[in-house]
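These numbers come from the heavy atoms of this one structure, side chains and all, not from hydrogens, waters or symmetry mates.
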Amino acid sequence: MNSFDWLTHMEIPTIDKFDIVEIKFKGGRKEYYRNIDRIFLTTGDPVVVDVPNGHHIGYVSLQGELVRLQMQKRKIKDDDNILRIYRVATQKDLEKWEEAKNREIPTLYRAKQIIDEMKMEMKLSDVEFQSDNSKATFYYSADDRVDFRELIKSLASEFKIRVEMRQISLRQEAGRLGGIGVCGRELCCSTWIYDFKSVNTSAARYQNLSLNPTKLSGQCGRLKCCLNYELDTYMTALSDIPEVDKPLQTEAGYAKLQKTDIFRKLMWFSYNNDNNWHSITCERVSEILELNSKGVIPYDLKTNHGKEQEDLISKSNMELEALDKKFSKNKKTKKKKKPRNPGENLLGAKDSSGPEARQITTKPEGKPNRQSSEKPNQNRQPPPRKNVENRPKPIENQEKGPQIPREVNPEQVSKKKKNNKRRFNSRNKGEQNKGDQNQGQ
């Protein structure tokens, strides 16, 4: 209901300024009054305005050239029927208005009791007192016409005030009471809607919404006003979607329409009310409808001939086989361990870049091992060697200095082979440890 004046930055002469001001009252009600005395007003100022048989207080909601546009939109004529603004409300006027507003809730409860006693089929929703405390307006809603002449007499004698009865619709009632919608925002009817349009169930059908009254109805009990917001967009999108009045004829069976995605241009069909749905484009549906009108029955929803279907199946099988090969290779590579460097020998020597030259890495000096230096490392399994004596001799390394020439003793080779045999024999493990201790001693 609040409007922002986007034209305030424009330098409009004060003489040519539009002299009608929009005033807001309780419940979002807005009316237009003429500022004859050229009172300087700002948005939100309380003003005293002229009403029939008295005066009332409201707040300035809009002024300037935007008021002219609002009056044209609401089709309100700029004539002598527009009442005037008296003055800006003083503190005394506001205090008197507060006393009148304090009478509204007790009056509402008592009026409801009187209506129940008279057994009248009407719902009293709100009461608004005039600021001069001379008149009260009762807002009610009813399905049928109500004869409230006796009710007015009883209310006037009860409250000693002039009574006015005004019937409103359920949407206007929700707007006056206010609330929070299912979207989490304040109700549109209590914030910005002033002209209510009729909402039909056809708006829900065009948007493919389930016709559930509990989900489609608002707090007023009527269909939600927001169903009309996107209706034009849906109607434009539906113009490209073909109308399917009867099932599509295919060799696989009759295909019945189950669902339509309006914005993605997809339609789902099922053969003979089967649970499996098949999605095709709207262009394909138009093509099938055209074929059926000529008496031609396609093979299925996606292809016109059986050969095309076989090609699609073979193509999909090839893709599946390619995926299987890809994932099977990945599994095999994961199981493989890191290969051993073939250049490593029994004594820790590594092959150099040339086939005739090799490098022997000596063990750094440090703590002595439990085993003698002649014994190989038992944690590493050496590759089998046949011709030990015919191995080429290492050369000197320029970076690490002179290397120790390799002299192989046949007794050491025999000891290595024996140690390797005892390593894989679990029964002789204890004897092997004893032998190691004796050698260390």
Side-chain angles (χ1 to χ4, degrees), residues 1 23-33 46-59 61 83 86 89 92-181 186-196 217-225:
M1 295 297 180
I23 307 297
K24 181 179 178 181
F25 299 97
K26 180 184 177 182
R29 179 171 61 92
K30 291 183 178 180
E31 294 184 7
Y32 298 93
Y33 293 88
V47 291
V48 180
V49 297
D50 184 16
V51 294
N53 301 321
H55 65 271
H56 197 24
I57 294 178
Y59 292 93
S61 60
L83 302 176
Y86 284 133
K92 188 176 181 180
D93 296 331
L94 296 175
E95 290 176 359
K96 191 175 181 180
W97 187 34
E98 286 293 331
E99 293 177 0
K101 287 196 295 184
N102 292 334
R103 296 181 58 187
E104 291 178 356
I105 294 178
T107 302
L108 179 63
Y109 290 157
R110 178 56 186 157
K112 287 184 176 181
Q113 292 178 357
I114 295 173
I115 291 172
D116 293 339
E117 292 172 0
M118 299 179 68
K119 297 181 180 181
M120 301 182 67
E121 296 181 357
M122 59 184 295
K123 180 183 177 183
L124 190 65
S125 59
D126 195 12
V127 178
E128 182 180 1
F129 271 80
Q130 204 166 282
S131 62
D132 57 358
N133 209 357
S134 62
K135 187 182 78 170
T137 304
F138 292 81
Y139 296 92
Y140 73 95
S141 59
D143 296 333
D144 300 326
R145 188 173 180 179
V146 180
D147 185 8
F148 46 78
R149 288 177 291 182
E150 295 296 329
L151 178 63
I152 291 176
K153 292 179 182 179
S154 60
L155 292 176
S157 60
E158 178 75 23
F159 303 112
K160 308 298 181 187
I161 199 171
R162 192 171 70 255
V163 175
E164 179 184 354
M165 302 294 295
R166 186 173 296 180
Q167 185 176 2
I168 58 176
S169 64
L170 294 176
R171 298 181 189 275
Q172 292 174 340
E173 179 184 355
R176 290 188 66 86
L177 298 178
I180 304 296
E186 195 175 354
L187 296 179
C188 297
C189 53
S190 62
T191 52
W192 63 275
I193 292 180
Y194 62 89
D195 186 14
F196 296 98
S217 59
Q219 294 187 7
C220 57
R222 299 289 185 268
L223 292 175
K224 295 178 182 177
C225 298

Work out which heavy atom in [X] is nearest to a heavy atom in [Y]; give both atom names and the distance.
X    : Y    : result
S190 : G175 : CB-O, 3.3 Å
L170 : C220 : O-CB, 3.5 Å
R103 : F159 : NH2-O, 3.4 Å
V127 : A136 : CG1-CB, 4.5 Å
N102 : P106 : O-CD, 3.5 Å
G54  : D132 : CA-OD2, 3.3 Å

Rounded to the nearest 0.5 Å, how far apart are [atom1] of [X] and [atom2] of [Y]?
X    : Y    : atom1 : atom2 : answer
E164 : N53  : CD    : CG    : 10.0 Å
R171 : L187 : CZ    : CG    : 12.0 Å
T137 : E104 : OG1   : CD    : 10.0 Å
I23  : I57  : CD1   : CD1   : 11.5 Å
D116 : L124 : CG    : CG    : 10.0 Å
L151 : M122 : CG    : CE    : 5.5 Å

When you compare the side chain of [Y] with that of [X], does any pair of heavy atoms fall below 4.5 Å?
X    : Y    : value
E150 : K153 : yes
K135 : V51  : no
Q219 : L177 : no
I152 : M165 : yes
S169 : R222 : no
F138 : F148 : no
L155 : T107 : no

Taking the side chain from [X] and the backbone from [Y], do they hold a donor-acceptor pair closer than 3.5 Å?
X    : Y    : answer
K26  : F129 : no
H56  : S131 : yes
Q130 : A100 : no

Which class fits the ring pair W97 and Y59: parallel under 30°, tilted 30 to 60°, perpendicular over 60°? tilted

Validate the cation-pi geometry between R176 and Y139: distance from NZ or CZ to the six-membered ring centre under 6.0 Å, angle to the ring axis within 45°. yes

Take Y140 and Q167, measure what side-chain contact (heavy atoms from CB on, under 4.5 Å) needs, and give me the verdict at the end. CA-CA 5 Å; Y140 73 95; Q167 185 176 2; 3.5 Å; yes

Quiz question: by atom type and distance under 3.5 Å, do the side chains of E173 and S125 form a donor-acceptor pair? no

Tell me whether Q113 at atom CD has more than 12 heavy atoms from other residues, nucleotides or ligands lying less than 6.0 Å away. yes

Do other residues, nucleotides or ligands put more than 12 heavy atoms under 6.0 Å from the NZ atom of K101? yes

Determine whether the aromatic ring centres of Y86 and H55 lie less than 6.0 Å apart. no

